[in-house]
Trainee: 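Let me give you the structure first, and then I'll get to my questions.
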Amino acid sequence: MENKEYFFAVDLGATSGRTIIGSIADGKLEQEEITRFPNNLIETGGHFYWDIYALYFEMIRGLKEVARRGLTITSIGIDTWGVDFVFIGEDGAILRNPMAYRDPHTFGRMEEYLEKVVDRKTVYDITGIQFMNFNSLFQFYAMQQDGNVAMKMAKKILFVPDALSWMLTGEAVCEYTIASTSQMLDPRTGDLSDKLVESVGLKRSQFGRMVQPGEQIGVLTEEVQKMTGLGAIPVIAVAGHDTGSAVAAVPAKNEQFAYLSSGTWSLMGIETKNAIISDRSYELNFTNEGGIEGTTRFLKNICGMWLYERCRKEWPEEVRQLSHPELQGSAMQVEAFRSIINPDDKAFANPPSMIEAIQQYCHQTGQPVPETPAEICRCIFDSLALRYRQVFEWLKEFAGFDLNVLHVIGGGSLNKYLTQFTADSLGVEVLAGPQECTAIGNIMIQAKAMGQVDDIWQMRKIIANSVDMVAYHPTADRRAWDEAYERFLTITHQA
């Protein structure tokens, strides 16, 4: 194993990060985790920050470890969460740790910006991005209004994966997929919108040159080479937004598929050649994020296992001690479709008690109130599957091709009950896996950049050969699901 050439992936989430190596041989991908570490949110001075230096330290630690083991590294790629950014000063130094998207400084600022600066419809028509108060555009506006000194003094502004690449190479770039999360990118031009950049007092020249996934950013600086014991290894722009890398790893056979990235939150969408920006997409709050090979990830955020996770924390100790299969299995013994909720109702965004919020919703809509953990769990799973159907039906409106398969990726792909419900509700084949898709996508984009893979479809074929996918087919009474869906539409309209 030690004689192979490896791709080195840095995969950073909002709570933890890891470094992974991967290699391709005989049409299959092999992976190994090198390091894993926490990503700590730091609260100080009334704000929340990310520790960019700690993340850099962990990258270097991973690189030192592969050098110690004598492994040959072909290239390096970095993916992270979206929207956040780093300010770089005139002297080339970082101006403060980057503020985190969870910081409350944006509360109310999105509405203020859309009322006073650029109106909502104009922002959507330019970007095709759904409105969230923490999008970079509204973070910049909040900082401008607050007189943020780091923003005033910044010569360069780099999104988090680009900032980490800059720390390794000295090259300042603006990677397309991460830039698309900012709500400042115009997918028609493929660049940041001057109108939106200037609306918050910034200039396009402060952001790095735009690069696409698969382009080389630079090589390790001499400083990093000395620290790690490695040579001038290329650093590749992968899909810097972790969801972009995850969707790149969907093991689809052709373009006619939908995907569901399933975890605490669910992202359901399709891959399209061009952004879909219309009155209908605006009305339904769909988003257009950058993908690989010039594609767009047209998707919608759906509340996922957040409902279940929050309820589980509230249940008594004896319930929490049950395994997920035990608790979810008990939910399969209770009446189906007894109580239905809209998982995306604002009542479930962050209530003091999720159990009470679900019970109150059912009471207010004239339904039986779920009492036991099994009843509440069944309510959540039934409702998620019905909400997935609603979004899937909308996607079919936009797709322009037949949607007859849904790929479920991420941790939620292991939930066999919800995945089967999804197949039953949608009436299509559902393919579950891979679970660790972000790192796989990161590695495969590097492989393509370095000439080991020809295109996205060869990438996906290798991934399909390398992971165990589980196929779920509709098995339940179709009429029962159709009737439940009609009830879902009625109840959620009333709520």
Side-chain angles (χ1 to χ4, degrees), residues 22 27-29 31 239 242-272 291-293 295 297-302 304-305 324-325 328 381-382 384-396 398-445 453 455-476 478 481:
K28 287 191 173 182
L29 170 68
Q31 296 179 88
D242 51 13
T243 311
S245 279
V247 173
V250 172
K253 293 178 181 176
N254 56 46
E255 296 170 351
Q256 298 182 357
F257 71 94
Y259 57 83
L260 176 65
S261 180
S262 177
T264 301
W265 303 101
S266 295
L267 303 164
M268 183 184 274
I270 54 176
E271 208 169 58
T272 63
I292 67 168
E293 292 193 5
T295 59
R297 289 176 290 116
F298 182 73
L299 60 92
K300 188 168 180 62
N301 281 36
I302 306 169
M305 294 301 286
H324 291 295
Q328 293 165 15
F381 283 16
D382 285 348
L384 279 173
L386 292 166
R387 176 62 167 168
Y388 292 160
R389 175 168 172 175
Q390 184 178 39
V391 176
F392 191 75
E393 294 293 332
W394 288 334
L395 285 170
K396 288 199 285 191
F398 293 107
F401 51 80
D402 290 334
L403 280 181
N404 48 28
V405 64
L406 175 73
H407 284 269
V408 181
I409 57 175
S413 65
L414 299 176
N415 187 327
K416 64 180 184 179
Y417 296 116
L418 180 57
T419 309
Q420 182 61 59
F421 280 10
T422 303
D424 294 337
S425 180
L426 273 56
V428 300
E429 180 183 39
V430 174
L431 297 173
Q435 181 189 359
E436 300 285 2
C437 43
T438 308
I440 292 174
N442 180 323
I443 290 165
M444 294 305 295
I445 294 166
V453 176
D455 60 22
I456 190 172
W457 298 109
Q458 189 184 3
M459 270 175 50
R460 286 174 164 159
K461 187 175 181 181
I462 291 169
I463 294 167
N465 290 339
S466 309
V467 299
D468 293 325
M469 281 191 291
V470 181
Y472 293 82
H473 297 95
T475 58
R478 185 69 189 157
W481 276 97

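What you see below is based on every heavy atom in this structure, not just the backbone, and it leaves out hydrogens, waters and symmetry mates.
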Trainee: Can you name the nearest heavy-atom pair linking W394 to K300, along with the distance?
Mentor: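 Minimum heavy-atom contact is CZ3-CE, 4.0 Å.
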Trainee: For the backbone of G410 and the side chain of S262, can you confirm whether one donor and one acceptor N or O come within less than 3.5 Å of each other?
Mentor: no
Trainee: Any chance you could measure T243, atom OG1, to W265, atom CH2, to the nearest 0.5 Å?
Mentor: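 Atom-to-atom, T243:OG1 and W265:CH2 are 13.5 Å apart.
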Trainee: If you measure from CD on E255 to CD1 on I456, what distance do you get to the nearest 0.5 Å?
Mentor: 9.0 Å
Trainee: Return yes if some donor-acceptor pair links the side-chain N/O of R478 with the main-chain N/O of S425 below 3.5 Å, else return no.
Mentor: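 Yes; judged by distance alone, with no hydrogens or angles, the pair exists.
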Trainee: Will you find, in the side chains of S266 and Y388, an N or O donor that is under 3.5 Å from an N or O acceptor?
Mentor: yes
Trainee: Counting C-beta onward and ignoring hydrogens, is there a side-chain heavy-atom pair between L386 and W481 closer than 4.5 Å?
Mentor: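 Side chain of L386 against side chain of W481, heavy atoms only: contact under 4.5 Å found.
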Trainee: Are any of the side-chain nitrogens in R460 or E271 under 4.0 Å away from the carboxylate oxygens of its partner?
Mentor: yes
Trainee: Given N301 and L267, is the side chain to side chain contact (heavy atoms under 4.5 Å, CB included) satisfied, shown in steps?
Mentor: CA-CA 5 Å; N301 281 36; L267 303 164; 3.0 Å; yes
Trainee: Applying side chain to side chain contact (heavy atoms under 4.5 Å, CB included), run through V467 and I440 and close with a yes or a no.
Mentor: CA-CA 10 Å; V467 299; I440 292 174; 4.2 Å; yes
Trainee: Rounded to the nearest 0.5 Å, how far apart are CG of D424 and CZ of R389?
Mentor: 11.0 Å
Trainee: Return the minimal non-hydrogen interatomic distance between R297 and Y259, and the atom names on each side.
Mentor: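 What the structure gives for the nearest pair is CB-OH, 3.4 Å.
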Trainee: Should we say atom CG of D455 is surrounded by more than 12 heavy atoms from elsewhere, each under 6.0 Å from it?
Mentor: yes
Trainee: Hey, is the main chain of N404 close enough, under 3.5 Å, to the side chain of D402 for a donor-acceptor pair?
Mentor: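 Judged by distance alone, no pair lies under 3.5 Å.
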Trainee: Hey, could you give me the CG/CG distance between N442 and D242, rounded to the nearest 0.5 Å?
Mentor: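 Those atoms lie 10.5 Å apart.
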Trainee: Looking only at heavy atoms, which two atoms of P251 and P434 are closest? And how far apart?
Mentor: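 For P251 versus P434, the nearest heavy atoms are CD-CD, 3.8 Å.
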Trainee: At what distance, to the nearest 0.5 angstrom, does CD1 of I443 lie from CD1 of I462?
Mentor: 12.0 Å
Trainee: Could you please spell out the steps behind the side chain to side chain contact (heavy atoms under 4.5 Å, CB included) verdict for F381 and N415?
Mentor: CA-CA 10 Å; F381 283 16; N415 187 327; 3.4 Å; yes
Trainee: Can you name the closest pair of heavy atoms from A385 and L426 and give their distance?
Mentor: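 Closest approach of A385 to L426: O-CD1, 4.2 Å.
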Trainee: Taking the side chain from T295 and the backbone from I292, do they hold a donor-acceptor pair closer than 3.5 Å?
Mentor: yes
Trainee: Evaluate the criterion side chain to side chain contact (heavy atoms under 4.5 Å, CB included) for residue pair M268 and L406; output intermediate values, then yes/no.
Mentor: CA-CA 9 Å; M268 183 184 274; L406 175 73; 4.2 Å; yes
Trainee: Between F398 and F298, does the ring centroid distance fall short of 6.0 Å?
Mentor: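 Yes.
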Trainee: Quick check: closest heavy atoms across A246 and T438, and the distance to 0.1 Å?
Mentor: CB-OG1, 3.8 Å
Trainee: Over all heavy atoms of both residues, which pair between L403 and V428 is shortest? Give the atoms and the distance, please.
Mentor: O-CG1, 4.1 Å
Trainee: With side chains defined as the heavy atoms from C-beta onward, is the minimum distance between Q390 and E393 less than 4.5 Å?
Mentor: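 A side-chain contact under 4.5 Å is absent here.
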Trainee: Atom CD1 of I445 and atom CD of E293: how far apart are they, to the nearest 0.5 Å?
Mentor: 9.0 Å
